[in-house]
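Some notes on the structure that comes next.
Values in this document were obtained by computation on a predicted structure and should not be read as measured data.
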Amino acid sequence: MHADRRPFLIGRNAIQAALRGFFAREDFIEVDTAVLQISPGNEAHLHAFATEALTTDGQKAPFYLHTSPEFACKKLLAAGEQRISCFAHVYRNRERGPLHHPEFTMLEWYRAGESYYSLMMDCVRILALAAETVKTDKLGYRGAACDPFAGPERVSVAEAFERHAGIDLLASVAADGSTDREHLAAELRSVGIRVADDDGWADLFSRVLVEKIEPHLGFGRITILDEYPVSEAALARPSARDPRVAERFELYACGVELANGFGELTNAAEQRRRFEIEMAEKMRVYGETYPIDDDFLAALSSMPEASGIALGFDRLVMLATGASRIDQVLWAPVAEYGR
């Protein structure tokens, strides 16, 4: 098995070295963040690994393995760093499949004082560099191909919903960002998409995105899916152009999501409100919540305007080397339960 995987792994090392060179030339500082955190993140549908530390007097202190280095990186921005990059091992429970692994490598980078459009250009250059490094002229997955050297397609989420699903998404989003579940449900029913009684607006949004939008993204050339509804902003700030949407984009190639970028929100009160909404939804669906990192929220108050992005490094390696499963590009995959 290792002999079959080794060419992919050698490609992985070459791509990682090339990307480190890219960030060094762009005057980034590579940082290394702690895996153990007070909070693993506060997204309703992300599942963390929990553990505990023992203090010197034997008291137990709860910790989590981080699902992203984002909180730690933003604390470094608040401390004065301007351009930082990070290859971080991150951990997500309930995830295993061709594109998912319980432990994987996230490449994150942040630019203080720069817009999130600069991250889009970074992504275009990085995908081309990955292909050049392993001497290929295309990215591929499951028979699909994407030209990393062609100009990217940039489309808003609202445009994608109209084009691929025939749905006027923003008609269900008010100027203050609130959403109308019944309006969106009616739109879905009108085009024959299933609606369950307990589906919220976010559930309906995700169903259309997964079933109708993502299967059309990143074929032939890279797709940048931009301007998510502000209710799906996560840690992104609202757009100055339209308060109904946020400065958030995702990067796709061959139908595979590769990266998630933000114009970063620095309003601590708004970020706390979003976290509390997410944790209430997590409790409703899964019966559990995660702590909120108050130090992180305090850091937001002194964090400069910035843009930041997380890219699934293993997925990029897969598409550049032609691997069909994520474990083919991991030097030592996590053991499968029961094997």
Is there a side-chain contact between [X] and [Y], using heavy atoms and a 4.5 Å cut-off?
| X | Y | result |
| --- | --- | --- |
| R274 | L265 | yes |
| C254 | R142 | no |
| H89 | T105 | yes |
| C73 | I84 | yes |
| L139 | L127 | yes |
| Q328 | D4 | no |
| V191 | V208 | no |
| R83 | F23 | no |

In terms of hydrophobic clustering (I, L, V, M, F, W, Y; side-chain heavy atoms under 4.5 Å; direct or indirect links), are F249 and V157 co-clustered?
->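 No, F249 does not connect to V157 through the hydrophobic network.
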Same cluster for L9 and V317 if Ile/Leu/Val/Met/Phe/Trp/Tyr side chains link at under 4.5 Å?
-> no
Intermediate values then yes/no, salt bridge (charged side-chain N to carboxylate O under 4.0 Å, His left out), D199 and R181 | CA-CA 9 Å; D199 281 336; R181 185 266 183 197; 5.4 Å; no
Would you please say whether a donor-acceptor pair under 3.5 Å links the side chains of E103 and Y91?
->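 Looking only at side-chain atoms, Y91 and E103 do form a donor-acceptor pair, the distance falling under 3.5 Å.
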For atom [atom1] of [X], is the number of surrounding heavy atoms from other residues, nucleotides or ligands below 6.0 Å larger than 12?
| X | atom1 | result |
| --- | --- | --- |
| D57 | CG | yes |
| R189 | CZ | yes |
| D176 | CG | yes |

Assign the ring pair Y228 / F205 to parallel, tilted or perpendicular, where the plane angle (0 to 90°) is split at 30° and 60°.
-> perpendicular
Would you please test K75 and D293 for salt bridge (charged side-chain N to carboxylate O under 4.0 Å, His left out) and show each step?
-> CA-CA 11 Å; K75 291 174 184 178; D293 185 343; 3.0 Å; yes
For F71, ring pair (Phe, Tyr, Trp, His ring centres under 6.0 Å) partners two or more places apart | F275, F296
Whether N42 side chain and P291 backbone form a donor-acceptor pair below 3.5 Å =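 Yes; judged by distance alone, with no hydrogens or angles, the pair exists.
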Salt bridge or not between [X] and [Y]? Use side-chain N to carboxylate O under 4.0 Å.
| X | Y | value |
| --- | --- | --- |
| R248 | E232 | no |
| D226 | R154 | yes |
| K282 | E278 | no |

For Y252, the option from H216, E214, E153, E257 that meets side chain to side chain donor-acceptor pair (under 3.5 Å) | E214
H100 pairs by side chain to side chain donor-acceptor pair (under 3.5 Å) with which of R94, R315, R92?
-> R315
Could you give me the CA-CA distance, side-chain angles and deciding distance for E270 and R273, then say whether salt bridge (charged side-chain N to carboxylate O under 4.0 Å, His left out) is met?
-> CA-CA 5 Å; E270 171 61 15; R273 186 189 72 84; 2.9 Å; yes
For H183 and S172, which heavy atoms make the closest approach, and how far apart are they?
-> ND1-CB, 4.0 Å
